[in-house]
Novice: 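After the C-alpha cells below, expect a handful of questions from me.
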Amino acid sequence: MKSSEIRDKFLKFFESKGHTIVRSSSLVPGNDPTLLLTNSGMVQFKDVFTGTDSRPYTRATSVQRCVRAGGKHNDLENVGYTARHHTFFEMLGNFSFGDYFKRDAISYAWELLTKVYQLPVDKLTVTVYQEDDEAYDIWANEVGVPKERIIRIGDNKGARYASDNFWQMADTGPCGPCTEIFYDHGADIWGGPPGSPEEDGDRFIEIWNLVFMQFNRDEQGVLHKLPKQSVDTGMGMERLAAVLQHVHSNYEIDLFQNLIKAAARETGATDLENKSLRVIADHIRSAAFMIVDGVIPGSEGRAYVLRRIIRRALRHGHKLGQTKPFFYKLVADLAIEMGAAYPELEEAKDNVAKMLKAEEERFGETLETGMKVLEAQLAKDATGIDGATAFTLYETYGFPPDLTADICRERDIKFDQEGYDAALKESQELSRKGGKSVKDAKVEYSGEKNKFVGYDSLNHSSKVIALYSAGSPVQELTAGQSGIVVLDTTPFYAESGGQVGDQGVIASGAAQFDVSDTLKIQADVFGHHGVLASGALKVGDAVSATVDQAKRGRTVRNHSATHLMHKALREVLGSHVAQKGSLVDPDKARFDFSHNAPMTAEQIAQVEAIVNQEILENHATQSHNMSFDDAVKHGAMALFGEKYGDEVRVMDIGSSKELCGGVHVNRTGDIGLFKIVSEGGVAAGIRRVEAVTGEGALALVQGMARKLNEAAAALKSNPEELTVKIGAVQDQVKSLEKELAALKSKLAAGQGDELAGQAVDIKGIKVLAATLEGADVTALRETMDKLKDKLKTAAIVLASVNDGKVSLIAGVTADSTSKVKAGELVNFVAQQVGGKGGGRPDMAQAGGTDPSGLAGALAGVSAWVGERV
C-alpha cells in the first residue's frame, strides 16, 4: 500500500466516524511561544484541550507534518543511525474534545488496523497503564485481544505516574493514561515485547499511541477527574507504511526509496544502503517544509534548526564525495512525492530550491576548509577533538560544533563537549553586550474569554475581570503601579499577524490606566499592558476603554496598504512572491517577501502606482467569515505568521483578498497616499520593503520637496533644472580634479629632482628615505617612478602624513631586488608608525596611525639597507 493511499484511507475512515478532517497546520506553531516547532498532531488543538479555545466540532482527524530537531524534542542525532528516527515525519491522528472516550478510541483503532489496513491480529500487542483497568477490560473483553498480548506498564521512571503509559502536558494540568499498539516484526529480529529487558530491540515496534486525557493534576500532585474527558492519538505514518509495505526500516518505504535514489543521483553514490543517503533523504523533507512554512536559515531559534539540518545534509553529501551544490536539486523530487498531499510545497518548490541553493553556496567553502582543519587535527590525535579545537573550528572557520560532534560520533571518538562549552562561555563573557529586554512575564489566566468589539468601535463600557502585577494576579492596582488589565469586552486590538497592539486609556472615576500595548494572554483573551497613572483600579470595576484614535488610524492605514502592496508586488514581480513576515505600526508598514533580486526603481514605481490607483478608486472594504476551504475558493491568500482556525476572516480591500484578523480602513481612499521608503535584502531570497501612508507619506513627500528646493537654491537653480545643473557641476569637478592631478604630478616631479640629491650611496645602491608634504598616494607613486629612473640603482622609501595617518611606499630597482625587498623595507618602516604592510619585491605600500614615529623610522632606513647589502 503506497504512502499516499495510507494517508487517504486514514482520513476517510475517521471521516466516516463523524470526524472533521482538519488540514495540517504550519511547522511554526501559531501563538505558542513554548514550542520551537510543531512536533505532534495535537499541537494545533492544544488550546482546545486546555479549554482556552473552541471549535465547531468535537471530533477531528488530521495528517500533521512534524519536525523534531531542536529543543526538548530532538531526534536529529539519531537520524541515519536507526531505522525509525526522522527530523520530519507525518503524524496520523484522531481527536475527541469531550466527545467519545476509551471505548470508541480503542474500537476505532482496532477496526482501522485490522479491517481497513488488514494487519494480522496475531501480530499486534497492546500496552496499558498498570492501573487502567477500564482500558484493559475493553481490550480483553470487548475487542478480544488475548490477555498474554495485553501488557500492563507501571511507573517505570522513578516517580508516581512517571510511566511510558501515562501522559502529561506539563507538571500540572491535563494528564492521563495511554494505551499503545505494537507490531511484531517477527522472531527473526532481535528484541522483546514492551516492558521486557529486550524492549529496546527492533522486533516489537510501537505504531499507535492513544492518550486518554482523563485527569487534571493540581500543584500538590493530586489527580482530579476532568469534566470533559478527551482523546489524543498519534500514529507515525512512516512506521505504519513500513508495516504495510512489509519492510523493516522506514527508509525502505516507497517515499524514502525514491528520495534516496534522487540523493544517490545527485551525489554520485552507488550504494543505496549508505546511511548518508538516508540522512540526506530525511533532511530534504524537514528543510523544504520549514522553508515552505516561512522559516529562513539563520543563527537563532528555529532558523538555526533549519540551518543545522541543511548543513548536516551537506556534510553527508561531502562525505559521499559531492563538493558542489546538490541538495537544492532534491526539492523537485520531494514535490513529486509529497506535492499532492501538500499543495503548498508544490506551489513554493522553486523558491525553496533557490533558498537552499543560496545556503549551500554560502556554506560550501566553510565545509571544505573546516573538514581539512579537522582532518589535520585528527592526524595529530586520532582519539578525538578537544574543546579548544572545536571552538576554534567554529569561531575561526564557521564550522558548527554539532557537525564536529556528529563526525566524532560516526568515528567512535570523543568530542570534548565540556571543553567546547567552557571556551564558548569565556568568549561570550569577553564580548557580552547585555541581554534583551522582554515584555511582561507570561501570566496564568483561567477566567472567561473577552469579547473584541474593536472592528466597529474605539470606545466601550467594560468591566475589569482580572488584574496582574509582575505576572501575578492581584485584586487591585494603585497609582504608579505597572500591570496588566483584562476586560470582559474590549475595543483594543491585541498584537497579532504583524499588527501591533493598540494603545489608549482605561478609566474609572479617578483611576486612569495608560495602555502602552495590548497582547494576547490566550487565543481569545487580551491583556492590556501599562501603568496606572492615577487612582486605584480593582477587579470588578466598571470602566471606559478608549483606544488612541490617532495611532489606530495611522496603523490601519498602514495595514490596509500592506494588503494592497502584497498584491501589487505579485503583479509586478511574479506569483512567487509570498509574505514572509510583517510589522505594521502607526509609523510604517514593513513587509518581508520572497524574491531573489533587488527591486529596480521602475518596479518600485510600478508598485506605488498600482497601490495609489486602488486608493484613488476608493473601494469599500469588506470582511467575510467563512470556512478555510471556502476562503481558498474565494481566492484569499493566507499570511505567514497567523494562526488560522477552521472559520477564518477574509478581508476584501480593493482587488486584494487575504485571510486577516486585523483592523482596516473602511474605504481604500482612507489610506490617503502610499509611498515606499526603502527596499533591501534581509536574508537569502527574502526582500524587505518599508512604506508609509497618510500623514506619514505626506510628511515624507513634503520633506523631499523641501530638500529638493534647498539643493536647487544652493546651486542657484530651480527644481526643474536641478538634474542639468548637477551634471554641469559634476563636469566642472572632474575638470578641476584633472587640473589638480596635473599640478600634483608637476609638484612631485619637482620634489623628485630635489630629493634625488639627498640619496646616500651604500655599497653601490642609492638609498633615500624622505617625507613629501601634502602628497597623496598617487603623488607618492609618481615621485617614486621618477626617482627610480633618475637614481638607476636604488632603494627608496617615501612617506606623507594626511589627517593623522601615514602613507608609505617603498621602491627597489630591478637590479637590487635580490638583496633588498621592497615589501620587507616598507614593513620595517610601517611597524614603527603603528602599521604593517608588504607587496612586490620592487614596489610595496603600507600605512600607519602613529606619525610621531615617522622621522625615526625613516632615519633608520640606511642602516637597515646596509645590513642587507
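Remember, it's a predicted structure, so these values are computed and weren't measured experimentally.
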Novice: Can a side-chain donor-acceptor contact be found between Asp254 and Gln245 if the only test is distance below 3.5 angstrom?
Specialist: yes
Novice: I'd like to know if Lys102 and Asp132 make a salt bridge, using a cut-off of under 4.0 Å between side-chain N and carboxylate O.
Specialist: yes
Novice: Check step by step if side-chain hydrogen bond (donor to acceptor under 3.5 Å, both in side chains) holds for Asp202 and His185.
Specialist: CA-CA 8 Å; Asp202 285 339; His185 277 283; over 6 Å; no
Novice: Any salt bridge linking Lys261 with Glu337? Criterion: basic side-chain nitrogen under 4.0 Å from a carboxylate oxygen.
Specialist: no
Novice: Are more than 12 heavy atoms, taken from residues, nucleotides or ligands other than Asp412, located less than 6.0 Å from that residue's CG atom?
Specialist: no
Novice: For the aromatic rings, using the six-membered ring if either is Trp, is the centroid distance between Tyr251 and His86 under 6.0 Å?
Specialist: yes
Novice: Could you tell me whether Glu375 and Arg411 have a side-chain N and a carboxylate O separated by less than 4.0 Å?
Specialist: yes
Novice: So, applying side-chain hydrogen bond (donor to acceptor under 3.5 Å, both in side chains) with Asp184, which one of Arg203, Lys123, Arg149 is it?
Specialist: Arg203
Novice: Below 6.0 angstrom between ring centroids: does that apply to Phe363 and His318?
Specialist: no
Novice: Tell me whether Glu198 at atom CD has more than 12 heavy atoms from other residues, nucleotides or ligands lying less than 6.0 Å away.
Specialist: yes
Novice: Evaluate whether atom NZ of Lys12 has more than 12 neighbouring non-hydrogen atoms of other residues, nucleotides or ligands under 6.0 angstrom away.
Specialist: no
Novice: Sub-3.5 Å donor-acceptor pair from the side chain of Asp416 to the main-chain atoms of Gly387, do we have one?
Specialist: yes
Novice: Mark yes or no for whether Ser107, through its side chain, and Arg103, through its backbone, hold a donor-acceptor pair below 3.5 Å.
Specialist: no
Novice: Hey, is the main chain of Thr87 close enough, under 3.5 Å, to the side chain of Asp282 for a donor-acceptor pair?
Specialist: yes
Novice: Of all heavy-atom pairs between Lys17 and Arg59, which one has the smallest distance, and what is that distance?
Specialist: O-NH1, 2.7 Å
Novice: For Phe326, is there any backbone N or O sitting under 3.5 Å from a side-chain donor or acceptor partner on Glu360?
Specialist: yes
Novice: Taking the six-membered ring for Trp, are Tyr129 and Phe212 closer than 6.0 Å centroid to centroid?
Specialist: no
Novice: Any donor-acceptor pair under 3.5 Å linking the side chain of Ser96 with the backbone of Asp232?
Specialist: no
Novice: Closer than 4.0 angstrom, basic N to acidic O: yes or no for Asp133 and Arg152?
Specialist: yes
Novice: Within a radius of less than 6.0 Å around CD of Glu346, do more than 12 heavy atoms belonging to other residues, nucleotides or ligands occur?
Specialist: yes
Novice: Heavy-atom count check: over 12 atoms from other residues, nucleotides or ligands less than 6.0 Å from Glu219 CD?
Specialist: no
Novice: Determine whether the side chains of Ser25 and Gln64 contain a donor N or O and an acceptor N or O closer than 3.5 Å.
Specialist: yes
Novice: Counting only N and O atoms by type, is there a donor-acceptor contact under 3.5 Å from the side chain of Ser24 to the main-chain atoms of Arg65?
Specialist: yes
Novice: Please determine if Arg285 and Glu238 form a salt bridge, counting it only when a charged side-chain N lies under 4.0 Å from a carboxylate O.
Specialist: yes
